[in-house]
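These notes concern the structure reproduced below.
First the proteins, then the strands, lettered A, B, ... as listed; each starts at 1.
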Amino acid sequence: MITVTFPDGARRDFADGTTGAGVAAAISKSLAKKAIAIKLDGKPFDLNRPIPGDAEIEILTRAHPEALEIIRHDCAHVLAQAVQDLFPGTQVTIGPAIDNGFFYDFYRTEPFSTDDFAQIEAKMAAIVDADYPFQREEWDRRAAIAHFRAIGEAFKAEIIEDLPEDSVISIYRQGPWYDLCVGPHLPSTRHVGKAFKLMKLAGAYWRGDHRNPQLQRMYGVCFAEEAELAAHLKQIEEAERRDHRKIGKQMRLFHFQEEAAGQVFWHPHGWELYRTVENYVRRRMVAAGYQEIKTPQLMDRKFWEASGHWDKYRENMFISSIEEEDKTLAVKPMNCPCHVQVFNQGLKSYRDLPLRLSEFGSCHRYESSGSLHGLMRVRAFVQDDAHIFCTEDQITAEVTAFCDLLRQIYADFGFAEFRVKFSDRPDQRVGEDAIWDKAENALRAALTAAGLEAEYNPGDGAFYGPKLDFILKDAIGREWQTGTIQCDFNLPERLDANYIGEDGAKHRPVMLHRAICGSLERFLGILIENYAGAFPLWLAPVQIMVATITSEADDYAAEVAAALRKAGLRAEADLRNEKINYKVREHSLAKIPVIAVVGKKEAEERKVSLRRFGTQETQSVATLADAIALLAAESLPPDLRA
RNA sequence: GCCGCCGUAGCUCAGUGGUAGAGCGCGUCAUUGGUAAUGACGAGGUCGGGAGUUCAAUCCUCCCCGGCGGCACCA
């Protein structure tokens, strides 16, 4: 006899050997029909496996989020069966459920092609229709290893070998096919359903290590219901629509070319946007007590040796030399060592601290070719960088102020939501534990003071100090790591930064490395995708397009555009010999926030007709002076608004 | 860097072992029109680069460069 406790606290006794299915059947016929697995003491468990003893049970139906994970995992098994059936000789490895679906890593000498997907999907559907029950078996460890070796599944054998000696080796069968798996699984393949789709093919290393054999990974998406699959495919389309590389081309913001891989050619409108962002951030930083500096691009190798970069970061550095002087120089990959040089000029007093040095620092890093990705990952970029030199006692106040500044800036760019990660001391580190204690506590205190909650990332700090990372969420829910603040006990030591304390003795300052946007290039990429190119007025590269209806209004239109520009607005005039419909369409597609239409009537009355992006027919007609005043006020960056 | 896919006009893309085509854009001309495409005509490409196979290569093979999707990387 076993006693089962349900989520609502009710208890019920069942005969030994009763399965989840039996329990469900005892509750109701419809539940028995819908049940696909159970949770046994909080862990997912096969529906048709005998419940081992007294337990808390929850019956999972398809609609349950945890059921979805099982469905996805099973879908991976169905994929593996289909692939091995169609492509004999392919070895299986692992195939877990992931966000939105699953993947499966195969080993096969010949490459798969996405052209194979249709055939594989058809086979998968046939396996689902065949309704093979998933049957669990327990095998002897040695026998299992020998068996998988014998049938040529070297990876599976290796997995079992690496399992702890006492672990249960469970095998699941689905019709003629079987696989090593901890489970649990659905009652049968029919329950996987047909809401799946193979998406892409990618290389992946066995166990994620690039020294291991390369496997072929097939990604699929899978949902409980077809409607969810359709919705997901739509979301992918939406992300593609917003792709900054596509929008960048359409809106002529920037381009890349192969002679400068990973470096941006900013076009006039893109650079306008860039400068708008930079100038805004600059004003916010000045207001927050930062002093802006500019430091050299090329520094002697000796300098990077002293900073430690030559040793630890050289692979990512562009190196240059000059024959005449027999010198090796490196292009700076980071600004921090240069900032220490500025700090080190002249004797600093504790009265000078905290000293906040900021720089829109241009950095170059050699990023591997495979990691380059539009504006999101480039080799030349500018950071909204700053280093705060302070005492240990000032860390909390500085980090708190930083969090406030960051929150303000994100909010102004339209990012209301972000999360914070707190990473503390790693195993490999410099600095005494007492300093780490102090810095970690200071960061925690700052988070509390700023009213923020952080996820805890134990041991993930830099070797030189603990840090906070800031991850913002965009308009369609994607996350981007942008901001960071890191304590550094190492660099001030290496580059001998010091200040004179109240006691008249030399002390080491703590250095806080911090960025809010991170790389401006990448941040612009994020902004473009967040707004899908339809920027708010203050950011839009072209804020107002003055479009004429007839050439009789040309002179007036030029005057309007000039007046708008004089008022600080980014305005252009479209005097082309085209119909107004054509112009409205074109500038609407270009996502220009305001179209000022002028015809004969406006010219005579010295008015403009304003049409806002995203509106259909509601236009407002205003006098030129009123329109300028209105738009000038509306287009002010958030920090300059009254 | 690794695996797979891709590279044809400014853009989006079609196409063929006998050196190329559409739409949009661009230019010229006509048209001066009220809020999402006026019409006609025209120009524009050594088909990413190099080598090879072939009588002949944009097409087939190899190498290189770049892009895309992942993996690895992101002190």
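Geometrically, A:R379 does not engage A:F381 in a cation-pi contact defined by less than 6.0 Å to the ring centre and at most 45° from the axis. For the pair A:R429 and A:F463, the NZ or CZ position fails the cation-pi test of under 6.0 Å to the six-membered ring centre and within 45 degrees of the ring normal. Both tests do not hold together for A:K249 against A:F256: distance to the six-membered ring centre under 6.0 Å, angle to the ring axis within 45°.
B:U16 and B:C24 have their P atoms separated by 24 Å, given to the nearest Å. Taking the P atoms as reference points, B:U19 lies 22 Å from B:G23, given to the whole Å. Only the P atoms considered, B:G34 is 15 Å distant from B:G39, to the nearest whole Å. Of the P atoms belonging to B:G66 and B:G17, the separation is 31 Å, rounded to the nearest Å. Here the separation of B:U8 from B:G45, taken at their C1' atoms, is 8 Å to the nearest Å. The gap from the C1' atom of B:G25 to that of B:C11 amounts to 7 Å, rounded to the nearest Å. Taking atom P in both B:G44 and B:G27, the straight-line distance is 15 Å, to the nearest Å. When the P atom is used for both B:C73 and B:C65, the distance is 23 Å, rounded to whole Å.
Straight-line distance from the CD1 atom of A:I549 to the C1' atom of B:A37: 17 Å, rounded to whole Å. When rounded to the nearest whole Å, the span between CG of A:L201 and C1' of B:C68 equals 14 Å. Distance CG (A:L215) to P (B:G4): 13 Å, rounded to an integer number of Å. Rounded to an integer number of Å, the gap from A:F103 CZ to B:G4 C1' is 16 Å. What separates CG of A:D469 from P of B:C74 is a distance of 14 Å, to the nearest Å. Atoms CE (A:M251) and P (B:U12) sit 16 Å apart, rounded to a whole Å. When rounded to the nearest whole Å, the span between CG of A:D105 and P of B:G4 equals 15 Å. Protein atom CZ of A:R217 is 11 Å distant from nucleotide atom C1' of B:A72, rounded to whole Å.
Side chain of A:K249, nearest nucleotide from B:U12, B:G33, B:A72: B:U12. Set against B:A75, B:C71, B:G69, the side chain of A:A204 has B:C71 as its closest nucleotide. Among B:A75, B:G70, B:G33, the nucleotide with an atom closest to any side-chain atom of A:T550 is B:G33. Nearest to the side chain of A:V584, among B:A75, B:U32, B:A36, sits B:A36. In the set B:C65, B:G33, B:A75, the nucleotide with an atom closest to the side chain of A:E258 is B:C65. Comparing atom distances between the A:Y205 side chain and each of B:C71, B:G34, B:G69 picks out B:C71 as nearest.
Annotation: A:F103 is in aromatic contact with A:Y219 [ring centroid separation under 6.0 Å]. Aromatic pair A:F102/A:Y104: centroids not less than 6.0 angstrom apart.
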Dump every N/O contact between nucleotides 22-28 of chain B and the protein below 3.5 Å, one line per pair.
residue : atom : partner : partner atom : Å
B:G25   : OP1  : A:Y582  : OH           : 2.9

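Between A:F155 and A:W206, the angle of the ring planes goes over 60°, which puts this pair in the perpendicular group of the 30/60° scheme. By the 30° and 60° cut-offs, the orientation of the rings of A:H309 relative to A:W304 is perpendicular.
Residue A:R314 places no side-chain atom within donor-acceptor reach of the base of B:A75, judged by atom type and a 3.5 Å distance cut-off alone. Between the side chain of A:E552 and the base of B:G33, no donor-acceptor pair of N or O atoms lies under 3.5 Å. The base of B:G1 lies outside donor-acceptor range of the side chain of A:Y366, with no N or O pair under 3.5 Å. For A:T548 and B:U32, a side-chain-to-base donor-acceptor distance below 3.5 Å is absent, hydrogens and geometry of angles not being considered. For A:S371 against B:A72, a side-chain-to-base donor-acceptor contact under 3.5 Å is absent. Counting atom types as modelled, A:R377 pairs a side-chain N or O with a base atom of B:C73 as donor and acceptor under 3.5 Å.
Where A:S609 and A:S368 each meet RNA chain B at their nearest nucleotide, the meeting point lying more 5' is that of A:S609. Mapping A:L372 and A:Q216 onto RNA chain B by nearest heavy atom places A:Q216 at the nucleotide closer to the 5' end.
As judged by a 4.0 angstrom heavy-atom cut-off over every strand, A:G308 is placed among residues making no nucleic acid contact. A:H373 comes within contact range of the sugar-phosphate backbone alone, with a heavy-atom separation under 4.0 Å but no base atom that close. If you check every strand for non-hydrogen atoms under 4.0 Å, A:R245 touches sugar and phosphate atoms only. Note on A:E602: a base of the nucleic acid sits closer than 4.0 angstrom, heavy atoms only. When heavy atoms are screened at a 4.0 angstrom cut-off, A:K579 is found touching base atoms of the nucleic acid. Note on A:A202: a base of the nucleic acid sits closer than 4.0 angstrom, heavy atoms only. No contact: A:M199 has no heavy atom under 4.0 Å from any strand.
Residues A:V92 and A:K156 form a side-chain contact, since some pair of their non-hydrogen atoms from C-beta on lies under 4.5 Å apart. Contact annotation: the side chain of A:P333 never approaches that of A:F318 to less than 4.5 Å [non-hydrogen atoms, C-beta and beyond].
At B:U35, none of the side-chain N or O atoms of A:N581 fall inside 4.0 Å of OP1 or OP2 (strictly under the cut-off). Contact between the side-chain N/O atoms of A:R207 and the OP1/OP2 oxygens of B:C71 is not found at any separation under 4.0 Å. Of the side-chain N and O atoms in A:Y219, one or more sit less than 4.0 angstrom from OP1 or OP2 of B:C71.
In this structure, A:R241 pairs ionically with A:E238, as a charged nitrogen and a carboxylate oxygen lie closer than 4.0 Å.
Distance alone, capped at 3.5 Å, is enough to place a donor-acceptor pair between the A:Q91 side chain and the A:A154 backbone.
In summary, of the residues considered (A:H513, A:R514, A:E359), a side-chain hydrogen bond (donor to acceptor under 3.5 Å, both in side chains) with A:H387 occurs for A:H513 alone.
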**Q.** Check against side chain to side chain donor-acceptor pair (under 3.5 Å), A:Q486 and A:Y464
**A.** CA-CA 9 Å; A:Q486 314 180 346; A:Y464 49 72; 2.5 Å; yes
Q: For RNA chain B, produce a single dot-bracket line, 5' to 3'. Pairs: Watson-Crick or G-U wobble, both distances under 3.5 Å. Symbols: ( ) within strand, [ ] crossing, | other strand, . unpaired.
A: (((((((..((((....[..)))).(((((.......))))).....(((((..]....))))))))))))....
